[in-house]
Amino acid sequence: MSEKVLVTGASGLLGHKLVLELLSKGYHVIAVYNRTAIPITHTNLRKVKLDISNTLNLEDLILKTKPETIIHAAAYTDVDGCEVNKEYAWKVNVNATRSVVRAAKIIKSYLVYVSTDYVFDGDKGYYTEEDMPNPINFYGLTKLIAEEHVKASDLLYLVIRPSAIYGTGPGKLNFATFVANRLSEGREVKALVDQFVSPTLNTLLAQTIVEAVELKPIGVFHVAGERMSRYDFAIEVAEALNLPKELIRKSTMDEMKWRARRPKDSSLNTVKARKIFKTKFFDNKLALKIFAEEYRSRVR
């Protein structure tokens, strides 16, 4: 298979899994990263160090390499950081996406944009693709505006919305590995009983996106796990790894000292995506089994 796929954010929690999955399927991959190096070598892999907030260089790379598909997974995802550094958040999340769209239109690429459940306000939960977004923090706002740039582009596009991505690999610490690390050290973990998400394993999310590269569906799809509270998820992580779940303490959102507001229930309805994709991204037991295997092999 000679199809060329460009991946932004290729050294992140999702991005590195995308690179591995694409290479395993025979794609030629152009992996764009910024700070964290990509610890993968392969004859079909070209690694490019590039700050996507430099939009001229980003567009230049896309126009020169002419990928048939672009997976735009890079973003500034620090929710509190976005609230404080709004200019930087806008550059990375909005301006860079606009540049990806502009270059993709010229070379007629298929564009996969990785968005977030935080485009919703969290008042209702179990959101479908038809529900009206209403972000309550600046991170969610930048991701929604980026979505709109993609949708208005006349490109063949796919917007994927996951929720609370977790898993092993590079990138910033995620909730599941945080819980596993602390419990492994015999330390207490506080977990929210009143915030609900749809935890999404990076491995299964990457497999679904690569399936989408083959199928090329158009539109918005929610690709996420089962709805649960952060506390219940922490308990399930502990059970999957046989760690002491009695160290998990219940806490509430009003105890958190966040700069940015968080949705109370940003869980996602995945019925639409389940009809299209074969990957069992929604299967929580499978996801936690894979996570446990990957976590154990990483810490050996």
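For clarity, every value in this text was computed on a predicted model and none was experimentally measured. Heads up: numbering here begins at 1 and tracks the sequence.
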Could you pull out all residues at least two apart from [X] that satisfy side-chain hydrogen bond (donor to acceptor under 3.5 Å, both in side chains)?
X	value
S11	none
T270	R274
D283	none
Q195	Y118, R230

Over 12 foreign heavy atoms within 6.0 Å of [atom1], [X]:
X	atom1	value
K216	NZ	yes
K4	NZ	yes
E87	CD	no
K124	NZ	yes
K272	NZ	yes

- Query: Partners of F282 by ring pair (Phe, Tyr, Trp, His ring centres under 6.0 Å), sequence neighbours excluded?
  - Reply: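 In terms of ring pair (Phe, Tyr, Trp, His ring centres under 6.0 Å), with neighbours along the sequence ignored, F282 is linked to no residue.
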
- Item | Set of residues satisfying ring pair (Phe, Tyr, Trp, His ring centres under 6.0 Å) with respect to Y88, sequence neighbours excluded |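 Checked Y88 against ring pair (Phe, Tyr, Trp, His ring centres under 6.0 Å); matches are Y76.
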
Check whether any side-chain heavy atom of [X] sits under 4.5 Å from a side-chain heavy atom of [Y], and report yes or no.
X	Y	answer
V29	V7	yes
I160	L205	yes
L183	I248	yes
Y295	V237	no
I145	W90	yes
H16	T36	no
P67	I107	yes

Check for a donor-acceptor pair, side chain of [X] on one end and backbone N or O of [Y] on the other, with a separation under 3.5 Å.
X	Y	answer
E255	T252	yes
K108	K105	no
N174	G167	yes
N181	F178	no
E129	H222	yes
N137	R261	yes
K25	L22	no

- Any chain of hydrophobic side-chain contacts (each under 4.5 Å) joining L204 to L268?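 L204 and L268: separate clusters.
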
- Query: After noting the C-alpha distance and the side-chain angles of K245 and E239, does the key distance pass the salt bridge (Lys or Arg N to Asp or Glu O under 4.0 Å) rule?
  - Reply: CA-CA 7 Å; K245 58 188 178 185; E239 287 175 348; 2.6 Å; yes

Taking only distance into account, with no hydrogens and no angle test, what donor-acceptor pairs under 3.5 Å do side-chain atoms of residues 49-56 form with protein atoms, sequence neighbours excluded?
{"unit_1": "K49", "atom_1": "NZ", "unit_2": "N34", "atom_2": "O", "d": "2.9"}
{"unit_1": "D51", "atom_1": "OD1", "unit_2": "S53", "atom_2": "N", "d": "2.9"}
{"unit_1": "D51", "atom_1": "OD1", "unit_2": "S53", "atom_2": "OG", "d": "2.8"}
{"unit_1": "D51", "atom_1": "OD2", "unit_2": "S53", "atom_2": "OG", "d": "3.2"}
{"unit_1": "N54", "atom_1": "OD1", "unit_2": "N57", "atom_2": "N", "d": "3.3"}

Straight-line distance of [X] [atom1] to [Y] [atom2], nearest 0.5 Å:
X	Y	atom1	atom2	result
K17	T168	NZ	OG1	4.0 Å
L158	I218	CG	CD1	7.5 Å
N242	R296	CG	CZ	6.0 Å
I165	T77	CD1	OG1	8.5 Å
H72	S99	NE2	OG	9.0 Å
R46	L61	CZ	CG	6.0 Å

- Carboxylate-amine/guanidinium proximity below 4.0 Å for R262 and D80: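 Looking at D80 together with R262, the answer is yes, because their closest N to O distance falls below 4.0 Å.
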
- Query: So does E294 pair up with R298, basic N to acidic O under 4.0 Å?
  - Reply: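 Answer for the salt bridge query: no.
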
- Task: Could I get the full list of salt bridge (Lys or Arg N to Asp or Glu O under 4.0 Å) partners for R102, not counting sequence neighbours?
- Result: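 Result, salt bridge (Lys or Arg N to Asp or Glu O under 4.0 Å) vs R102: E59.
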
- Task: For side chain to side chain donor-acceptor pair (under 3.5 Å), just list the numbers for T279 and E211, CA-CA rounded to whole Å, side-chain angles, deciding distance to a tenth of an Å, and then say yes or no.
- Result: CA-CA 8 Å; T279 307; E211 198 184 333; 2.7 Å; yes

- Which pairs count as salt bridge (Lys or Arg N to Asp or Glu O under 4.0 Å) when at least one residue sits in residues 148-166, sequence neighbours excluded?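 Checked against salt bridge (Lys or Arg N to Asp or Glu O under 4.0 Å) - neighbours excluded - the pairs reaching residues 148-166 are E147-K151, E147-R161, E148-K151.
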
- Nearest heavy atoms of D78 and G81, plus distance in Å: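 Looks like OD1-N, 2.7 Å.
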
- Could you walk me through whether V150 and L155 pass the side chain to side chain contact (heavy atoms under 4.5 Å, CB included) test, one step at a time? CA-CA 8 Å; V150 173; L155 280 166; 6.0 Å; no

- Task: Apply side chain to side chain contact (heavy atoms under 4.5 Å, CB included) to the pair T41 and L45, showing each step before the final yes or no.
- Result: CA-CA 7 Å; T41 49; L45 175 64; over 6 Å; no

- Residue pairs involving residues 226-268 (criterion ring-ring contact (aromatic ring centres under 6.0 Å, His included); sequence neighbours excluded):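 Passing the test, one end in residues 226-268: Y166-F233.
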
- Message: Enumerate the ring-ring contact (aromatic ring centres under 6.0 Å, His included) contacts for residues 122-148, please, sequence neighbours excluded, ordered by first and then second residue.
- Response: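 Pairs touching residues 122-148 that pass the test: F120-Y127.
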
- Message: For a side chain to side chain contact (heavy atoms under 4.5 Å, CB included) check, start with the C-alpha distance between N284 and M228, then their side-chain angles and the critical distance, and finish with the verdict.
- Response: CA-CA 10 Å; N284 203 47; M228 64 185 71; 3.2 Å; yes

Which atom pairs, donor and acceptor, lie under 3.5 Å between side-chain atoms of residues 185-194 and protein residues at least two apart or in another chain?
{"unit_1": "E185", "atom_1": "OE1", "unit_2": "R187", "atom_2": "NH1", "d": "2.9"}
{"unit_1": "E188", "atom_1": "OE1", "unit_2": "R249", "atom_2": "NE", "d": "2.9"}
{"unit_1": "D194", "atom_1": "OD1", "unit_2": "M253", "atom_2": "N", "d": "3.0"}
{"unit_1": "D194", "atom_1": "OD2", "unit_2": "M253", "atom_2": "N", "d": "3.2"}

- Item | L201 vs F281, side chain to side chain contact (heavy atoms under 4.5 Å, CB included): CA-CA, chis, key distance, verdict | CA-CA 7 Å; L201 181 67; F281 57 85; over 6 Å; no

